[in-house]
Number of protein chains: 2
Amino acid sequence: MATGTFNPPETQPSRPAHLRFANCRTLLQLLRAHGPCSKADLVRSSGLSAPTVSSAIAQIEALGLVETLGEGESSGGRPPELIQFNATHGYVAAADIGGTRLRMMLADLNGTPVAHWSTQFAADQKDPTSVCSVLDEGLHAMCQQTNIAISKVLHLTAGAPGITDVRAGIVRFAPNLTAWTEVPLRAMLRKQTGIETIVENDTNLAAVGEYRQGAAEGVEDFIFVAMGTGVGAGIFLRGSLHHGARWSAGEIGYLGIPGVAREPVEMHKTGQLERVIGGAGIERQWLERLERAGLRNEAELAELRAPQIFDLAQEGDLLALEVLQSTAVILADAIATLALVFNPELIVLGGGVGSHDRLCRETDRLLRNADFAPPRIRTSFLGTQAQLHGAISLSLSAVESKLLC
Amino acid sequence: MATGTFNPPETQPSRPAHLRFANCRTLLQLLRAHGPCSKADLVRSSGLSAPTVSSAIAQIEALGLVETLGEGESSGGRPPELIQFNATHGYVAAADIGGTRLRMMLADLNGTPVAHWSTQFAADQKDPTSVCSVLDEGLHAMCQQTNIAISKVLHLTAGAPGITDVRAGIVRFAPNLTAWTEVPLRAMLRKQTGIETIVENDTNLAAVGEYRQGAAEGVEDFIFVAMGTGVGAGIFLRGSLHHGARWSAGEIGYLGIPGVAREPVEMHKTGQLERVIGGAGIERQWLERLERAGLRNEAELAELRAPQIFDLAQEGDLLALEVLQSTAVILADAIATLALVFNPELIVLGGGVGSHDRLCRETDRLLRNADFAPPRIRTSFLGTQAQLHGAISLSLSAVESKLLC
DNA sequence: GCATCTTTGTAAAGTTTGTTTATAATCTAG
DNA sequence: CTAGATTATAAACAAACTTTACAAAGATGC
């Protein structure tokens with residue numbers, strides 16, 4: 001399929017100007033990858049001739065994308081003039097819309113975070129319009145903190161906890177957000193903020209985050225399994241997200257459980273798998289076992305949340321360990337299913353519940369028993385920051401193609 | 001991500017020659033798509049200027065890729081000189097290595113079949129070396145039939161019923177081929193035939209076939225489920241095959257069955273799902289029901305194969321209908337799992353058992369009961385020819401990028 | 001300390017490719 | 001049979017790349 005040279009999307013004619021465009025892009029990539037360097041370095045790394053590099057860099061510089069750093073160290077001749085990608089030429093913003101709060105981040109064109117902002121939603125702030133204005137407030141707050149003009153924010157990616165049509169920019173269904181349905185979030189944010197926007201599913205964003213700078217860095221085929229209140233997966237194949245035909249790929253909360261009759265999938269109810277190994281399911285398992293052990297009235301124990309139950313297991317509590325193990329058995333089964341159909345290289349466990357290290361080790365141990373080569377399993381590196389980093393990453397991708405225009 | 005213009009794979013410099021290369025490729029694509037046409041037509045469809053089209057076409061013609069057809073009808077002025085892609089400039093070959101036989105096909109550069117060939121393997125012909133020489137024999141036979149020089153066969157794609165490392169060209173494990181393991185088939189075929197070769201899994205080839213000219217034509221996200229002796233799936237996402245990290249994506253024969261405890265996956269045994277709804281499993285279900293009905297001794301009934309049992313069901317036989325329905329229930333469950341994780345637009349049922357229309361309708365009916373939007377389900381259009389058509393398609397893709405070099 | 005070499009960067013000339021404009025060839029229409 | 005339309009090539013010009021030549025500025029060696 002690949003020709004090794006060009007890969008034109010359709011049947012577009014190529015003119016001399018496209019050569020320059022392609023070479024500018026190549027040079028910009030090299031400049032970003034190889035840090036501060038001289039034009040001579042770019043000549044060597046690009047394979048282009050020196051005059052071409054000179055003239056192309058001049059063109060990029062005119063756009064404000066190149067910073068000059070003055071003279072560098074001589075290596076036996078005329079000292080180089082060092083240049084560098086100007087990462088402050090613009091900024092990108094990320095927002096993670098959760099069931100209870102909004103978290104935001106602002107980063108420069110290198111993806112380096114420059115500001116954070118977050119807020120709890122008031123009870124009457126969870127409707128789409130209010131969320132948009134809260135988000136806009138956060139955007140301005142971050143700009144003010146850092147003394148950045150709002151016009152320098154070139155792109156925004158917002159993550160929502162629900163089925164999201166990325167192409168149309170619509171959140172189709174988000175049960176945790178006062179049951180948002182068919183919310184044209186991209187258009188609303190675009191209008192509110194004036195900034196070009198992408199909307200994505202939050203779990204998918206977390207997967208992208210782990211790919212770019214987390215537990216799955218450089219792994220082309222992996223699955224991010226998010227276990228928190230809900231259970232879902234971000235599916236990353238051949239270097240990019242897989243959304244499916246109706247944007248609902250990875251809805252593994254509705255998977256069946258081994259040994260139990262499959263129930264029909266009903267989108268408006270909690271899924272079969274999620275009910276058992278979601279946060280609430282784990283807490284229910286815990287209460288049942290407490291009851292059986294006659295400890296139901298120990299309020300302190302009964303009120304533990306899932307991650308704390310796993311902490312107890314880690315400390316040696318046998319009842320908690322039982323809960324953890326039964327969770328791991330079911331999780332391992334779901335992962336075995338994913339592994340059979342996708343054959344990913346890696347599974348990353350994330351979310352408040354899933355990122356517990358003991359759960360990961362136990363699940364891994366169970367999977368090693370099978371004789372098919374199971375995927376590696378590891379916990380999230382980025383934790384709750386994964387979504388924001390993934391959002392920044394998507395915004396950077398979106399912006400990159402427009403920098404030279 | 002897409003810039004709308006170029007999409008260079010890495011950081012390769014662009015020179016003027018690349019312009020010509022890209023434009024030649026564009027023109028060749030247009031020529032292939034728009035059938036016989038004039039240079040003036042190409043000027044209009046490509047957006048390039050007339051002199052450029054003239055000179056580029058001259059270059060392509062010098063490579064033997066263009067046929068001149070003489071004058072066409074005038075439309076009020078000088079009559080056009082019609083040209084056409086020369087599909088007989090070269091040929092591509094396809095081979096489907098089955099457990100009992102080898103089927104082959106030869107096609108021109110339009111993908112139009114020009115010859116077929118097949119043979120049953122003798123008992124001592126199933127080892128890799130023998131298969132290669134039988135395949136070579138078939139290749140020469142097809143060339144002789146059609147009076148085509150073997151040197152005009154530019155590419156070969158061979159499908160094998162097992163886990164295949166396409167990049168390395170190695171059949172890792174094929175239980176139906178006298179347990180081939182780690183067979184470097186691509187290198188062997190390359191050496192035997194002298195032709196550039198791709199090796200692929202046969203189910204994956206069938207999926208490609210259905211995508212290019214079958215039940216999934218133009219559908220970017222679909223899954224081909226092959227039910228025959230074994231049960232497997234070809235996974236087609238975002239317009240191309242998904243192989244997974246270890247080339248074993250789609251091994252759904254090992255999926256669990258609802259209500260039954262999951263057993264550990266053991267690659268060298270038949271999978272849990274496959275044992276029940278593979279050909280042999282269906283025949284066992286049939287025999288059990290015959291026995292219960294006291295009909296075990298009806299030799300004629302007892303010897304029926306799975307597709308014939310389904311034919312009986314179609315004709316109204318109640319016992320056979322029970323078998324079909326219980327198969328459909330389990331198949332629908334597996335498809336529901338696939339739909340949840342992949343969210344494909346379409347499922348294509350193929351293989352000797354799976355392509356039975358009644359099974360498809362019954363499975364579809366069961367899936368409509370769920371309230372998540374299930375994929376469309378249809379049977380294979382190409383039947384047993386799907387693998388060969390898919391192989392031709394892959395060979396054409398491989399050849400296209402080299403035609404202009 | 002100074003000539004020589006190395007390294008960096010630009011200027012000038014030449015090549016490839018593409019476009020626009022002009023021209024030739026050949027048919028339809030009135 | 002002329003006027004206009006359509007197709008195709010030739011000539012002139014423009015953009016982008018390369019090679020070659022050259023200038024600037026420091027390191028190296030005797």
Between the side chains of B:Thr157 and B:Ser395, does any donor sit under 3.5 Å from an acceptor?
-> yes
Ignoring the backbone of A:Ser38, work out which of C:dG9, C:dT16, C:dT20 is nearest its side chain.
-> C:dG9
Round to a whole Å and report the spacing from CG of A:Leu82 to P of D:dG26.
-> 14 Å
Atom CD of A:Glu71 and atom P of D:dA27: how far apart are they, to the nearest Å?
-> 10 Å
Sugar-phosphate only, base, or nothing, as touched by B:Ser55 at under 4.0 Å among non-hydrogen atoms = nothing
Assign each of A:Pro79 and B:Asn23 the nucleotide of DNA chain C bearing its closest heavy atom; nearer the 5' end lies the nucleotide of A:Pro79
Short side-chain N/O contact from B:Ser54 to OP1 or OP2 of D:dT9, under 4.0 Å = yes
Report yes if at least one side-chain N or O of B:Arg44 is closer than 4.0 Å to OP1 or OP2 of D:dT7; otherwise report no.
-> yes
Look at the side chain of A:Asp221 and the backbone N and O of A:Arg238, then say whether any donor-acceptor pair between them is shorter than 3.5 Å.
-> yes
Just how far, in rounded Å, is P of C:dT17 from CD1 of B:Ile57?
-> 15 Å
Sugar-phosphate, base or nothing in reach of B:Ala40, heavy atoms under 4.0 Å | sugar-phosphate
Hey, is A:Arg32 close enough to A:Glu400 for a salt bridge, meaning N to O under 4.0 Å?
-> yes
Looking only at side-chain N and O atoms, does A:Thr52 come under 4.0 Å of OP1 or OP2 in D:dT18?
-> yes
Looking at the side chain of A:Glu81, which of D:dC17, D:dA10, C:dG9 is the nearest nucleotide?
-> C:dG9
For the residue pair B:Phe222 and B:Tyr211, categorise the inter-ring angle as parallel (less than 30°), tilted (30 to 60°) or perpendicular (more than 60°).
-> parallel
NA contact type, A:Ser75, heavy-atom cut-off 4.0 Å: base, sugar-phosphate, or nothing?
-> sugar-phosphate
B:Phe21 CZ to D:dC17 C1': how many Å, rounded?
-> 18 Å
Give the rounded distance in Å between these two atoms: CZ of B:Arg20 and C1' of C:dG18.
-> 8 Å
Spacing between A:Leu48 atom CG and D:dA16 atom P, to the nearest angstrom = 14 Å
Would you mind classifying the nucleic acid contact of B:Pro80 as base, sugar-phosphate or nothing, using non-hydrogen atoms under 4.0 angstrom?
-> sugar-phosphate
Residue A:Lys39, side-chain heavy atoms: nucleotide from D:dC17, C:dG9, D:dA16 that is nearest = C:dG9
In this structure, which one of A:Glu210, A:Gln213, A:Arg212 forms a side-chain hydrogen bond (donor to acceptor under 3.5 Å, both in side chains) with A:His389?
-> A:Gln213
Side-chain donor/acceptor of B:Arg78 to base of D:dT7, under 3.5 Å | yes
Given DNA chain D, 5'-ward residue of the pair A:Ser74 and B:Gly76, judged by closest heavy atom | B:Gly76
Does A:Arg15 put a side-chain nitrogen or oxygen below 4.0 Å from OP1 or OP2 of D:dA15?
-> no
Select base, sugar-phosphate, or nothing to describe what B:Ser49 touches, counting heavy atoms under 4.0 Å on all strands.
-> base
Rounded to whole angstrom units, what separation is found between the CG atom of A:Asp41 and the C1' atom of C:dG9?
-> 13 Å
Side chains of A:Ser38 and A:Asp41: donor-acceptor distance under 3.5 Å anywhere?
-> yes
Value in whole Å for how far the C1' atom of C:dT6 lies from CD of A:Glu73 = 15 Å
What nucleotide among C:dT8, D:dA16, C:dT10 has an atom nearest to a side-chain atom of A:Leu19?
-> D:dA16
